Amino acid sequence: MAPVPRPVTRFAPSPTGLLHLGHAHSALQGWRRARAAGGRFLLRIEDIDPGRCRPEYAAAIEQDLAWLGVDWDGKVRVQSAHLGEYRAVLHALARRGLVYPCFCTRADIAREVAASAAAPHGPDGPLYPGTCRRLTVDERQARVAAGEPHALRLDMARALECVPALAFEEEGQGRIACDPARFGDVVLARKDAPASYHLCVTHDDALQGVTLVTRGEDLKAATDVHRLLQALMGWPAPAYAHHGLLLDAGGRRLAKRDRAATLRDLREAGRSAAEVRAMAGFPD
Ligand code: GLU
């Protein structure tokens, strides 16, 4: 009989605030799946955005998860300690002509979008109109050499020419066809951050051997971009299990503004870890 694969799952929060019940729900999804099947559960701190992330929140994540009874295997991966690895991926894509520098400000993009008769919209808003894609190689090089701040964007049309039709395996739903083009030329490195969520998350899932990505359904659309990056880089495709988001009493999704729902407040209010696990949808 073939051995039953042991899943490698992960929880990958960004340390931009204290964990709330929604995070607990997400962490427990991955943790339970790994523990139930003798697999591995990893913790990764996604802190590449220096403007929003704080080391004290990263420390609080570890403390709050430990209190909740969620343990992880191996060392915590902290993305900000691996910027060179993300840079190497960007260089590899750039060498293949799949990435270009974008000097546009938000205002430039908004102006272009407003001026265009039919600006296409994607899941994250209006698509980048492609202004800097049309610069010549000499113009790009001169502006980069002059130190002009720039992001790096994926040339979506070229990238799609390099890969076959893509799909991903969603638990309980089977194969779902991807349509990354609806995101346009996504940013892979921001002006103010050395890489982007899409790049780091796919790089790390591959590096860490994650086989089942459990995360909120708000990130399901982004999986199209993640599959594209995986295919471009020759990384394996994990399976996905996107879960519903916890809602507050008013039916709104829990967010960091909801102080009352942080694990820390619940603990300080005298709730036990078992009670909080149950509130997060995982009664013992
Ligand atoms: N770091 C992302 C977040 O906190 C989650 C990444 C993922 O699970 O793919 O929203």
Side-chain angles (χ1 to χ4, degrees), residues 7-34 40-55 57-62 64-65 70 72 76-83 86 89 123-124 168-171 176 178 180 183 186-190 193-230 233 235-246 253-258 261-263 280:
V8 179
T9 65
R10 48 65 163 186
F11 178 51
S14 299
T16 57
L18 291 170
L19 294 185
H20 55 64
L21 279 175
H23 294 110
H25 180 71
S26 202
L28 284 161
Q29 291 275 357
W31 181 78
R32 279 275 170 101
R33 297 297 302 269
R40 284 167 57 74
F41 174 74
L42 311 176
L43 174 60
R44 185 163 80 222
I45 301 294
E46 301 210 325
D47 62 343
I48 41 157
D49 184 343
R52 294 179 60 230
C53 298
R54 306 251 180 287
Y57 288 135
I61 286 170
E62 294 194 28
D64 290 351
L65 287 178
V70 169
W72 53 91
V76 177
R77 181 172 169 93
V78 179
Q79 288 188 330
S80 58
H82 299 278
L83 300 183
Y86 308 128
V89 178
D124 294 338
F168 64 92
E169 202 63 45
E170 176 75 22
E171 204 177 63
I176 297 185
C178 296
F183 285 85
V186 284
V187 170
L188 294 187
R190 294 176 13 186
S196 75
Y197 160 64
H198 297 309
L199 183 97
C200 300
V201 85
T202 45
H203 172 272
D204 286 0
D205 284 340
L207 179 84
Q208 297 187 286
V210 171
T211 61
L212 175 65
V213 171
T214 55
R215 63 182 176 195
E217 64 190 8
D218 54 327
L219 292 171
K220 191 171 180 185
T223 308
D224 292 8
V225 177
H226 300 173
R227 279 296 297 120
L228 174 58
L229 291 173
Q230 288 156 359
M233 294 304 297
W235 293 329
Y240 291 84
H242 292 94
H243 58 77
L245 302 175
L246 280 196
R253 90 177 248 210
L254 292 178
K256 293 191 168 124
R257 60 172 185 273
D258 298 310
T262 70
L263 304 190

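One-based numbering along the sequence shown. As a basis for the values below, the full set of heavy atoms in this structure was taken, side chains included, without hydrogen atoms, waters or symmetry mates. Just so you know, ligand 1 is whichever comes first in the structure, and atom 1 is the first atom listed for that ligand. No experiment lies behind these values; they were computed from the predicted model shown.
- L263 has its side chain out of reach of H23: every pair of non-hydrogen atoms, C-beta onward, lies at least 4.5 Å apart.
- Close approach of ligand 1 to R10 is summarised as follows: ligand atoms under 4.0 Å from at least one heavy atom of the residue are 7 (C), 8 (O), 9 (O).
- Not a single heavy atom of H226 lies less than 4.0 angstrom from ligand 1.
- Side-chain atoms of D64 and Y57 form no donor-acceptor pair, as typed in the model, at a separation below 3.5 Å.
- Within the 4.0 Å heavy-atom criterion, the part of L219 lying near ligand 1 is the side chain and not the backbone.
- Remark: side-chain polar atoms of T211 are paired, donor with acceptor, to backbone N or O of V8 under 3.5 angstrom.
- With sequence neighbours excluded, no residue forms a salt bridge (Lys or Arg N to Asp or Glu O under 4.0 Å) with R54.
- Residue A12 has at least one N or O atom closer than 3.5 Å to an N or O atom of ligand 1.
- Listed by atom number, the atoms of ligand 1 under 4.0 Å from E46 heavy atoms are 1 (N), 2 (C), 5 (C), 6 (C).
- In this view, E171 and R33, L212, A241 satisfy the side-chain contact (heavy atoms from CB on, under 4.5 Å) rule, not counting sequence neighbours.
- In this pair, H242 and Y240 present their aromatic rings parallel. The plane angle is below 30°, not in the 30 to 60° band.
- The V201 neighbourhood of ligand 1 comprises atoms 9 (O), with distances under 4.0 Å to a heavy atom of that residue.
- On a distance-only criterion, Y197 and ligand 1 share at least one N/O pair closer than 3.5 Å.
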